[in-house]
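None of the values given here were measured: they were computed from a predicted structure. Note on naming: letters A, B, ... go to the chains in the order of the sequence lines (proteins, then strands), and numbering restarts at 1 for each one.
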Number of protein chains: 2
Amino acid sequence: MPPRKASVEFWFDFASTYSYPAAMRVEEAADRYGCSVKWRPFLLGPIFQQQGWTDSPFNIYPVKGRYMWRDLERLCAALRLPFHKPSEFPRRGLPATRIACAHAAKEWMPEFARRVYRANFSEDLDIAESGVLLDCLSGLVGDPAAVLSASRNPEAKAWVRHNTERAIALGIFGAPTFVAGEELFWGNDRLEAAMEWGKTK
Amino acid sequence: MPPRKASVEFWFDFASTYSYPAAMRVEEAADRYGCSVKWRPFLLGPIFQQQGWTDSPFNIYPVKGRYMWRDLERLCAALRLPFHKPSEFPRRGLPATRIACAHAAKEWMPEFARRVYRANFSEDLDIAESGVLLDCLSGLVGDPAAVLSASRNPEAKAWVRHNTERAIALGIFGAPTFVAGEELFWGNDRLEAAMEWGKTK
C-alpha cells in the first residue's frame with residue numbers, strides 16, 4: 001500500500017479575491033508536495049462582522065483596496081490566469097457556498113468552486129444568480145436544478161454555519177487560509193509554506 | 001562599464017514585525033536578482049492613525065495578532081533568524097527612525113537598522129533607549145553619542161516627516177513595502193516578487 005498522503009485544508013470564501021489564484025493552483029501545488037487537499041468553503045462576512053466591519057476591509061480602507069486590485073492583476077498575469085476586475089465587490093457568495101458545503105465530499109466540488117471563481121473574477125458574472133450557478137454545475141452533476149434547489153434546504157444552511165463556526169474556532173480571520181496539522185497559513189502567498197509544513201507532519 | 005543595477009526601495013518601520021525578516025534578507029535577495037536596495041525608514045503610526053487606528057492592528061484584532069506571532073516565529077525558524085517575542089509591542093521606533101533618516105545615504109545605515117531589529121525582535125530590548133541605540137551605533141560611526149544627539153535636531157525630525165509623507169503619497173499602508181519602478185509590493189512574502197519586477201524594469 002502506498003503511504004497515506006498528508007492532507008492540507010484549504011479554507012476559501014467565494015467573494016475573497018486572493019482565494020481565486022489559490023483555488024486555481026492549490027491542487028497542482030499539493031501534487032508537487034505529495035499532499036492532498038481538503039476543500040473547506042466558509043463565509044468571511046460573519047468573521048468580519050465580529051471585528052466590527054460591515055464591508056470588505058478592501059472597501060473600508062481604499063488605499064489598501066487599490067493596492068490589492070493592482071496586486072491581484074499582476075499576480076494573475078504572472079500565473080497566466082484570466083482576470084477581470086469584478087464590477088461589484090464583494091459579490092454575494094452565500095448561494096455558491098451552500099452548494100459547496102452541501103457537497104463538500106463530492107469529487108466534483110473543487111471544479112464547481114473553480115468555475116464560480118472564474119465567473120466572479122474573470123467573467124464578471126453575478127455568482128448569486130441561479131443561471132450562473134446552473135452553468136457552473138452543468139456537466140458536473142446529473143440534475144443541476146435539483147442540486148441548486150436542495151442547496152436552499154435547512155441542512156445546507158446548517159453546513160455553512162457549521163463550517164464558518166469551525167473556521168472561527170480554528171482562529172481563521174481571512175481567506176484563503178491553509179491548515180496543515182495544527183498550523184494556519186494565511187494568504188495565497190503562503191500556499192507553498194503550508195504544503196511544505198503539511199508534507200513533513 | 002557594468003550596467004547600472006536596478007534599484008528597489010525597501011520601506012521599513014522599526015516596530016513592524018515582518019520588517020524584521022525582510023531587513024535581514026533584503027540585501028542577499030537583491031544580490032541574487034542583480035538589484036540594489038535603497039533603504040527607506042518611515043513611521044507607520046501616522047498612517048495607521050489616518051485609518052482610525054491608535055494601536056497596531058495586531059493588538060486591535062487579537063486573532064490576527066495571535067496568528068502573526070506564531071507565523072513570525074515559524075518564519076524566523078525557517079530562515080534561521082534568532083527570534084524572541086518582544087515583551088512590549090509595538091515598541092517606540094521614533095528615535096531609531098530619526099537616526100536612520102538623518103543618515104539615509106550612509107553606508108553603515110543598513111547595518112544599524114539590522115542591529116535595531118535584532119535588539120527589538122531577538123534581544124527584547126527597548127529600542128527607544130539611548131543605551132540600546134548607542135550600542136547599535138557602536139563601531140559604525142566615530143562618535144555614537146554625537147550621532148544620537150544630532151538625531152534630536154529639527155532636521156532629523158523633518159526627514160522622518162518627509163519620508164512618512166512620501167510613503168503616504170506612494171500609497172504605502174503597511175511595512176515592509178518594496179517599491180520597484182511604479183509598483184508596490186507589500187509584505188516580507190513579496191520581497192522576491194519585487195526584485196523580479198525590479199530587475200526587468
Report task. Hey, could you give me the OH/CD1 distance between A:Tyr67 and B:Ile172, rounded to the nearest 0.5 Å? Result -> 10.5 Å
Hey, are the side chains of [X] and [Y] touching, using non-hydrogen atoms and a 4.5 Å cut-off?
X        : Y        : value
B:Arg70  : A:Glu183 : yes
A:Asp71  : B:Arg190 : yes
B:Phe173 : A:Tyr61  : no
A:Arg66  : B:Leu184 : no

Query - More than 12 heavy atoms of other groups within 6.0 Å of A:Trp159 CH2 - result: no
Query raised in the report: Has A:Glu182 got more than 12 heavy atoms of other residues, nucleotides or ligands less than 6.0 Å from its CD?
Result: no
Query raised in the report: Side chain, backbone, both or neither: which part of A:Ile60 has an atom under 4.5 Å from a heavy atom of chain B?
Result: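 It is neither, since no heavy atom gets under 4.5 Å.
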Requested in this report: Between chain B and each of A:Gln51, A:Arg74, A:Lys64, count heavy-atom pairs under 4.5 Å; write down the option with the most.
Outcome: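 Between A:Gln51, A:Arg74, A:Lys64, the count favours A:Arg74.
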